[in-house]
Amino acid sequence: MKLATWNVNSLKVRLPQVLDWLAANPVGALCLQELKLDHDKFPLEAFAELGYQACWAGQKTYNGVAVISKGEGLHVQRNLPEFDDHQQRIVAATLSSPIGDIRVISAYCPNGQAVGSDKYEYKLRWFAALREWLAGELKQYPRLAILGDYNVAPRDEDVHDPAKWKGGVLVSAPEREAFGALLDLGLTDAFLMFDQPEKSFSWWDYRQMAFRRNAGLRIDHVLVSDALKPFCTACIIDKEPRRNEQPSDHTPVVATLEFGSA
DNA sequence: ATGGTTGTTGAACAA
């Protein structure tokens, strides 16, 4: 069973690419971010034609998240219950698997704009609220994966030019601490469980031919709980969709779970 | 060089 995440930067524009990718890459669940679609404009039928179901939290113009899944998503939760916010950044659903229920969360963490800005303060408050909520989710659902665009590059190795980015938004110490506080709950960055190519990134700015120069950041992550971690056998970044015509600025990250047979 | 690109909504904002 594969779990994937992809910030599509407008599902309206990227829907054909997402459908093509799903047809070539069957998954148990695909978490999407930045739908930029009103809640009732979600293209459920297009996914149904490929045999997928979906849970989503849509919003006009900005944000919006979804969990596309082979099986039905149950106990759907939208947004952080204790955080008063109209921005649609979280959707959670329970999926069944051979080892029992797995809680799958699609997260679109705030960008933060610039260190010290109002949006940056909002980002840090949002991460704190996410941590509080996740602690409860983990108690209720020990087998949990939270996938999404965290807008945090956790290590200097996740930054194409650490000197240039040093202290800036997406890499600043408070943001990395907020991300680390999630891991402290008993979550592991699945990408780092395995040998990976150097300079592996998941996002490249549209400007200045950043993708061709591999001037990117690794800000999209798959976090697996301690109970799920032993079943995770691979995690890769699929750069192919970033080469598409009219691509998203992000590319998918895909984790493999294997449940064995005996 | 405070530039540059894309998406949404309709000149500005967000990323």
Side-chain angles (χ1 to χ4, degrees), chain A residues 5-21 31-43 46 56-66 79-80 83 85-91 106-127 130 147-154 158-172 174-176 178-179 201-221 237 239-253:
Chain A
T5 180
W6 191 4
N7 179 326
V8 292
N9 185 21
S10 169
L11 186 57
K12 183 179 177 183
V13 172
R14 233 67 67 189
L15 181 61
Q17 295 179 41
V18 175
L19 297 175
D20 285 350
W21 188 86
C31 296
L32 301 176
Q33 300 87 37
E34 286 208 88
L35 306 182
K36 298 186 173 180
L37 276 181
D38 197 75
H39 190 76
D40 59 14
K41 298 270 190 356
F42 187 87
W56 69 96
Q59 174 187 344
K60 192 178 162 80
T61 311
Y62 301 119
N63 309 308
V65 286
N79 258 335
L80 302 172
F83 191 75
D85 186 8
H86 70 283
Q87 301 188 34
Q88 302 298 313
R89 297 183 175 277
I90 290 282
V91 66
S106 180
Y108 176 48
C109 306
N111 172 281
Q113 193 173 60
V115 174
S117 67
D118 288 348
K119 291 195 176 71
Y120 182 81
E121 299 303 323
Y122 163 79
K123 179 178 191 173
L124 295 179
R125 282 189 288 111
W126 191 92
F127 265 93
L130 174 64
L147 304 87
D149 175 2
Y150 289 79
N151 271 310
V152 176
D158 303 315
V159 181
H160 74 278
D161 187 344
K164 184 170 150 187
W165 281 77
K166 186 175 172 56
V169 74
L170 312 187
V171 308
S172 74
E175 289 166 273
R176 286 176 168 176
F179 182 79
F201 307 125
S202 66
W203 168 85
W204 301 262
D205 199 293
Y206 282 124
R207 295 167 286 192
Q208 298 173 304
M209 296 187 293
F211 183 61
R212 274 166 54 170
R213 296 187 292 115
N214 196 30
L217 302 177
R218 191 176 69 91
I219 55 177
D220 300 271
H221 310 296
I237 293 174
K239 286 176 79 169
E240 284 307 315
R242 190 61 176 80
R243 300 185 226 275
N244 290 347
E245 292 284 326
Q246 214 178 3
S248 169
D249 44 353
H250 297 252
T251 210
V253 183

What is the distance, to the nearest angstrom, from the [atom1] atom on [X] to the [atom2] atom on [N]?
X: A:Tyr150; N: B:dA15; atom1: OH; atom2: C1'; result: 19 Å
X: A:Gln113; N: B:dT2; atom1: CD; atom2: P; result: 19 Å
X: A:Asp118; N: B:dC13; atom1: CG; atom2: C1'; result: 15 Å
X: A:Lys119; N: B:dA15; atom1: NZ; atom2: C1'; result: 10 Å
X: A:Asp220; N: B:dA15; atom1: CG; atom2: P; result: 14 Å
X: A:Arg89; N: B:dA15; atom1: CZ; atom2: C1'; result: 11 Å
X: A:Asp249; N: B:dA14; atom1: CG; atom2: C1'; result: 11 Å

(request) Return the set of residues passing ring-ring contact (aromatic ring centres under 6.0 Å, His included) with A:Trp56 (not counting sequence neighbours), or none when no residue passes. (result) A:His39, A:Phe42

Examine the side chains of [X] and [Y] and answer whether a donor and an acceptor come within less than 3.5 Å of each other.
X: A:Glu34; Y: A:Asn7; result: yes
X: A:Gln33; Y: A:Asp149; result: no
X: A:Asn9; Y: A:Lys36; result: yes

(message) Between B:dG3 and B:dA12, how many Å separate the two P atoms, rounded to a whole number?
(response) 15 Å

(request) May I ask you to say what A:Phe211 touches in the nucleic acid, namely base, sugar-phosphate or nothing, with a heavy-atom cut-off under 4.0 Å? (result) nothing

List, with names and distances, any nitrogen or oxygen atoms from the protein found under 3.5 Å away from nitrogen or oxygen atoms belonging to nucleotides 5-8 of chain B.
{"unit_1": "B:dG7", "atom_1": "OP1", "unit_2": "A:Arg14", "atom_2": "NH1", "d": "2.9"}
{"unit_1": "B:dG7", "atom_1": "OP1", "unit_2": "A:Arg14", "atom_2": "NH2", "d": "3.3"}
{"unit_1": "B:dG7", "atom_1": "O3'", "unit_2": "A:Ser10", "atom_2": "OG", "d": "3.3"}
{"unit_1": "B:dT8", "atom_1": "OP1", "unit_2": "A:Ser10", "atom_2": "OG", "d": "2.3"}

(request) Evaluate the side-chain proximity of A:Asp85 to A:Tyr122: yes if any heavy-atom separation is below 4.5 Å, no if none is. (result) yes

(request) Can you measure from NE2 (A:His250) to CG (A:Leu217) and round to the nearest 0.5 angstrom? (result) 9.5 Å

